Protein chains: 2
Amino acid sequence: MLYSLKFAPEQAPDTEAASCPWGDVRAMLHALGLRPTQQRLALGCLLFAKGRRHITAEMLYEEARGERINVSLATIYNTLKQLTDAGLLRQVAVDGSKTYFCNNTTEHHHFYLEDRHELVDIPEGSVDINNLPIPPEGYEIAKTDLVIRLRRKTA
Amino acid sequence: MLYSLKFAPEQAPDTEAASCPWGDVRAMLHALGLRPTQQRLALGCLLFAKGRRHITAEMLYEEARGERINVSLATIYNTLKQLTDAGLLRQVAVDGSKTYFCNNTTEHHHFYLEDRHELVDIPEGSVDINNLPIPPEGYEIAKTDLVIRLRRKTA
DNA sequence: TTACGTGCAAATAATTTGCAGTCCC
DNA sequence: GGGACTGCAAATTATTTGCACGTAA
């Protein structure tokens, strides 16, 4: 909440860097060859500020609206795709419907809380996957996704 | 192809058992409390006959139409859901769009061939997952899904 | 200015649902 | 016959796209 207020349209956009752990969102966009528009600056900050790290387009949209950021859902989708293509976000498929985006691009895996429809990082190193099978001829591993689905204990 | 011809509407439905590795589809449906309608018998046979084991609703629909089985997409979805709920099929999320159903309900994992949009079983035992993390308070593991995404080698 | 971006609304795609008609028990 | 089942078409949900207008370099 705090961090994103600095991106409200009426605020000076040059002050955002300090509030975003990822560093300077403006620099990040520049490095990607993307214009630092108000929408992208704001979304970049929401996405890379500490706090929430697994988000759907719809969730990000609601979060942005809550922060009075003027942005359309189409732009949310565009931006998420651009950042994903750039390798700054990781897309996680959990069920056949919503798509989650994760701002942690290190090798790690996820818990999925079925009752809350929520993704949670599994701390790095706490799961070992051994004996990764050799891919069929002509293929190489692009990435490995491990999702441990959790249900509420009934006992 | 061969196996499903026996389920064409004009054929005697009592002969299907021999052609379906799962056993007697009629008995299976009975055990689930589902009426052995022509559609369900035919779909049950397509799903549990050897051969294809990872299928989407759309794929099953096309396969059924190819076999002259008269069935609607809505019924495909209904049936897939019923069989999944009954534990006879396993649903696998691969990307944010299509949902795959797998007729292998043993613990196993998948390759996903990104270029062909195809799921392939990884032989059981060829991947070890160790140190499964302890779920947060109040939760237990419902299932673990490991998908190894493969891309075509560019080299 | 001028190409890149954005918002809106319409288009897709996958799946679900409501309901009238059909088929097993 | 009666309720379970099916098919169709309309409704939903998630996402993409086309295009007129806005805005950063």
Side-chain angles (χ1 to χ4, degrees), chain A residues 7 9-10 12-14 16 25-44 54-62 64-65 68-86 89 91-101 117 119, chain B residues 7 9-10 12-14 16 25-44 55-62 64-65 68-86 89 91-101 117:
Chain A
F7 285 83
E10 69 281 354
D14 277 325
E16 83 269 13
V25 173
R26 180 178 296 273
M28 166 188 94
L29 292 174
H30 186 263
L32 301 179
L34 297 174
R35 281 190 188 169
T37 62
Q38 295 202 332
Q39 288 81 344
R40 292 208 271 234
L41 286 169
L43 295 178
H54 300 89
I55 203 167
T56 64
E58 202 70 41
M59 288 162 68
L60 183 55
Y61 181 61
E62 290 311 324
R65 310 212 96 227
R68 318 277 195 74
I69 295 164
N70 194 332
V71 65
S72 72
L73 202 44
T75 295
I76 301 267
Y77 277 106
N78 281 337
T79 303
L80 287 173
K81 185 172 196 313
Q82 289 157 346
L83 296 178
T84 301
D85 289 347
L89 292 177
Q91 211 168 341
V92 184
V94 153
D95 55 26
S97 52
K98 298 177 185 183
T99 299
Y100 285 78
F101 294 87
H117 302 288
L119 263 194
Chain B
F7 284 83
E10 68 280 356
D14 276 323
E16 83 270 9
V25 173
R26 181 177 296 272
M28 167 189 93
L29 292 174
H30 186 262
L32 301 179
L34 297 174
R35 281 189 186 171
T37 62
Q38 295 202 330
Q39 289 80 346
R40 292 211 271 234
L41 286 169
L43 295 178
I55 204 166
T56 64
E58 202 70 41
M59 288 162 68
L60 183 55
Y61 182 59
E62 290 311 324
R65 310 212 97 228
R68 319 278 194 75
I69 295 163
N70 195 332
V71 65
S72 72
L73 203 43
T75 295
I76 300 268
Y77 277 105
N78 281 337
T79 304
L80 286 174
K81 185 171 197 313
Q82 288 157 346
L83 295 178
T84 300
D85 289 347
L89 291 178
Q91 212 167 341
V92 184
V94 153
D95 55 26
S97 51
K98 299 178 184 182
T99 299
Y100 286 77
F101 294 86
H117 302 287

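Order of the sequence lines fixes the chain letters, A, B, ..., with proteins taken first and strands second; residue numbering starts at 1 for each chain. Source: prediction; values computed, not measured.
- Going from atom CD of A/Q91 over to atom C1' of D/dA14 covers 12 Å, rounded to whole Å.
- Separating the CG atom of B/L29 from the C1' atom of D/dA4 is a distance of 13 Å, rounded to the nearest angstrom.
- Taking the side chain of B/T75 as heavy atoms from C-beta on, and the options D/dA14, D/dG2, D/dG7, the nearest nucleotide is D/dG7.
- Rounded to an integer number of Å, the gap from CG of B/L73 to P of D/dA11 is 18 Å.
- In terms of position on DNA chain C, the residue among A/T79 and B/A57 whose nearest nucleotide sits closer to the 5' end is A/T79.
- For the residue pair A/Y61 and A/S72, the shortest heavy atom distance occurs at CE1-C, 4.0 Å.
- Taking every heavy atom of both residues into account, B/A86 and B/L32 meet most closely at CB-CD2, 3.5 Å.
- Of all the heavy atoms in B/V71 and B/A64, the pair that sits closest is CG1-CB, 3.7 Å.
- Side-chain nitrogen and oxygen atoms of A/T99 include none within less than 4.0 Å of the OP1 or OP2 phosphate oxygen of D/dA14.
- Within the nucleic acid shown, B/T56 has no heavy atom closer than 4.0 Å to any nucleic acid atom.
- Within the 4.0 Å cut-off from OP1 or OP2 of D/dT6, not a single side-chain nitrogen or oxygen of B/N78 is found.
- Shown here for A/L119 and A/Y100, the closest heavy-atom pair between the two residues is CD1-CB, 3.7 Å.
- In this structure, the nucleotide among D/dA24, D/dC8, D/dA4 sitting nearest to the side chain of B/A74 is D/dC8.
- A residue-by-residue look at B/K98 and B/T37 shows that B/K98 has its nearest nucleotide of DNA chain C further toward the 5' end.
- When the C1' atom of D/dA4 is taken as reference, atom CD of B/Q82 falls 11 Å away, rounded to whole Å.
- Straight-line distance from the OH atom of A/Y61 to the P atom of D/dT15: 14 Å, rounded to whole Å.
- Counting only residues at least two apart or on different chains, no salt bridge (Lys or Arg N to Asp or Glu O under 4.0 Å) pair has a member in residues 31-42 of chain B.
- Checking the phosphate oxygens (OP1, OP2) of D/dT6, a side-chain nitrogen or oxygen of B/R40 falls inside 4.0 Å.
- B/I76 has its CD1 atom 12 Å from the C1' atom of D/dT6, to the nearest Å.
- First and last contacting nucleotides of DNA chain C toward chain A (any atom under 4.0 angstrom from a heavy atom, 5' to 3' order): C/dA3 to C/dC8.
- Atom C1' of nucleotide D/dC5 and atom CG of B/N70 are separated by 13 Å, given to the nearest angstrom.
- In this structure, B/Q39 reaches the D/dG7 phosphate: one of its side-chain N or O atoms is under 4.0 Å from OP1 or OP2.
- A pairwise comparison of heavy atoms in A/T84 and A/L80 identifies OG1-O, 2.7 Å as the closest pair.
- Distance B/Y77 OH to D/dG7 P: 15 Å, rounded to the nearest Å.
- The two residues B/L43 and B/T79 have their closest heavy-atom pair at CD1-OG1, 3.8 Å.
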